[in-house]
Enquirer: 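Here you go, one structure.
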Number of protein chains: 2
Amino acid sequence: MTLFLSTHINKVDKKGRVSVPAQFRDQLVGENFQGVVLFRSNTQPALEGFAWSYMQEISRRLENFDLFSPEQDDLAMTVFGDSVQLSFDGEGRIVLPMDLVEFAGLAERAAFVGLGNKFQIWDADILAKRREEARRNVRDKGLTLPKGEAA
Amino acid sequence: MTLFLSTHINKVDKKGRVSVPAQFRDQLVGENFQGVVLFRSNTQPALEGFAWSYMQEISRRLENFDLFSPEQDDLAMTVFGDSVQLSFDGEGRIVLPMDLVEFAGLAERAAFVGLGNKFQIWDADILAKRREEARRNVRDKGLTLPKGEAA
DNA sequence: TAAATATCCATGCTATACCATGTGAGTGGG
DNA sequence: CCCACTCACATGGTATAGCATGGATATTTA
């Protein structure tokens, strides 16, 4: 079971290369494909990363839609068509395509945020603001975890 | 498992030749046939490409219909009759037939869009509009993947 | 024989695999 | 308890092989 935890900040060099945190890499050993799959978050200025095997799961779920339904077309195009397969180099780095760098507003520092079976990549500064906002929401609205359902 | 991911844009030369992205090529090469099977999309101005192995899967599913039933005939005719087999040249290129080029409105740049177990070929400019629409739909309608039955 | 199609050859570029260096944390010894 | 050493991880730079692309030549077909 892959489990991405905690937040790690690494540098993005001018070619878009960035080290995937070793803790995350360790979760991916034994995969057929030594690397990650990235695509744009639908709701946030961030990239979402998965193990390649997780894409198979997504592929299976997509088949639950009716074939030729507009919803299926839209999802398939955004999920698969917008995704990229990035393999590690010898040092465990990936190269982020330019358009994804722009989409996430990535500057020098990239923040890898573990979210269980997936992770996100944020620009560190944007994430800091976003975090502050989230904390405020939790405090103001008194959000709590319901018992039972949480994984 | 074949899994077509990401979008690649390649040039179409004046003879209709276009390189199939190497990433896709690796998944398309079978024992029987070195190439790709193309269809007209039923819903969009695009071509759909499948691996040879996927065609066998479709063939298997068709056998679930009664032999010689009108449904089987109709399906088989549209599915197989409209399909085109295109083999690679030494450099991994295919030659797109004129009628398919017209159908998809292909100009200079052809976009290969990975959609999981199949891929589509779009004119790059037309795709840009369509992709924008797909992203908007996913975001506004809050489309998500349905939960799978098994984890 | 001419046109259309397939095969072969040549080239520039870019992605990626490789090598080399810096740095910080953790450990063991003094 | 503190210091030094070591190792793993992050980071920067470079070279090479694969890939996309263009053109030329052989082969087939009408």
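The sequence lines fix the lettering, A, B, ..., with proteins before strands; numbering per chain opens at 1. Only heavy atoms go into these numbers, but all of them, side chains included; no hydrogens, no water, no symmetry mates.
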Enquirer: For DNA chain D, which residues of residues 3-13 of chain B approach it to below 4.0 angstrom with any heavy atom?
Expert: B/N10, B/K11, B/D13
Enquirer: First and last nucleotide of DNA chain D touching chain A, 5' to 3', heavy-atom cut-off 4.0 Å?
Expert: D/dC9 to D/dT14
Enquirer: Holding to salt bridge (charged side-chain N to carboxylate O under 4.0 Å, His left out), I want the full list of residues that pass it with A/R136, two or more places apart in sequence or in another chain.
Expert: none
Enquirer: In this structure, how many angstroms lie between the P atom of C/dT7 and the CZ atom of B/R17, rounded?
Expert: 12 Å
Enquirer: When all nucleic acid strands are considered with a 4.0 Å heavy-atom cut-off, which category describes A/K14: base, sugar-phosphate, or nothing?
Expert: sugar-phosphate
Enquirer: Please list, chain by chain and in numerical order, all residues satisfying side chain to side chain contact (heavy atoms under 4.5 Å, CB included) with A/R25, sequence neighbours excluded.
Expert: A/V20, A/A22, A/F88
Enquirer: Using heavy-atom distances to pick each residue's nearest nucleotide on DNA chain D, tell me which of A/P21 and B/D26 is more 5'.
Expert: A/P21
Enquirer: State plainly whether the residues B/E132 and B/K129 are in salt-bridge range, i.e. N to O under 4.0 Å.
Expert: no
Enquirer: Using the test salt bridge (charged side-chain N to carboxylate O under 4.0 Å, His left out), find all partners of A/E71 that sit at least two apart in sequence or belong to another chain.
Expert: none
Enquirer: Hey, are the side chains of B/M55 and B/F33 touching, using non-hydrogen atoms and a 4.5 Å cut-off?
Expert: no
Enquirer: Which heavy-atom pair separates A/I126 from A/G105 by the least distance, and what is that distance?
Expert: CD1-O, 4.0 Å
Enquirer: With A/E108, which residues qualify under side chain to side chain contact (heavy atoms under 4.5 Å, CB included), at least two apart?
Expert: A/K11
Enquirer: In whole angstrom, give the distance that lies between atom CD1 of B/I94 and atom P of C/dT7.
Expert: 14 Å
Enquirer: What pairs with A/F103 under side chain to side chain contact (heavy atoms under 4.5 Å, CB included), at least two apart in sequence or on another chain?
Expert: A/R40, A/L47
Enquirer: Please enumerate all residues that pass ring pair (Phe, Tyr, Trp, His ring centres under 6.0 Å) together with B/F39, with sequence neighbours excluded.
Expert: B/F50
Enquirer: Does a side-chain heavy-atom distance below 4.5 Å link B/Y54 with B/T2?
Expert: no
Enquirer: Under 3.5 Å, is there a donor-acceptor pair between the side chain of B/N10 and the main chain of B/V18?
Expert: no
Enquirer: Tell me, please, which residues at least two apart from B/Q34 pass side chain to side chain contact (heavy atoms under 4.5 Å, CB included).
Expert: B/V29
Enquirer: Please list residues of residues 86-93 of chain A whose heavy atoms come under 4.0 Å from any atom in DNA chain D, ordered by number; otherwise none.
Expert: A/E91, A/R93
Enquirer: Could I get the full list of salt bridge (charged side-chain N to carboxylate O under 4.0 Å, His left out) partners for B/D82, not counting sequence neighbours?
Expert: none
Enquirer: Near DNA chain D, under 4.0 Å by heavy atom, which residues of residues 102-127 of chain A?
Expert: none
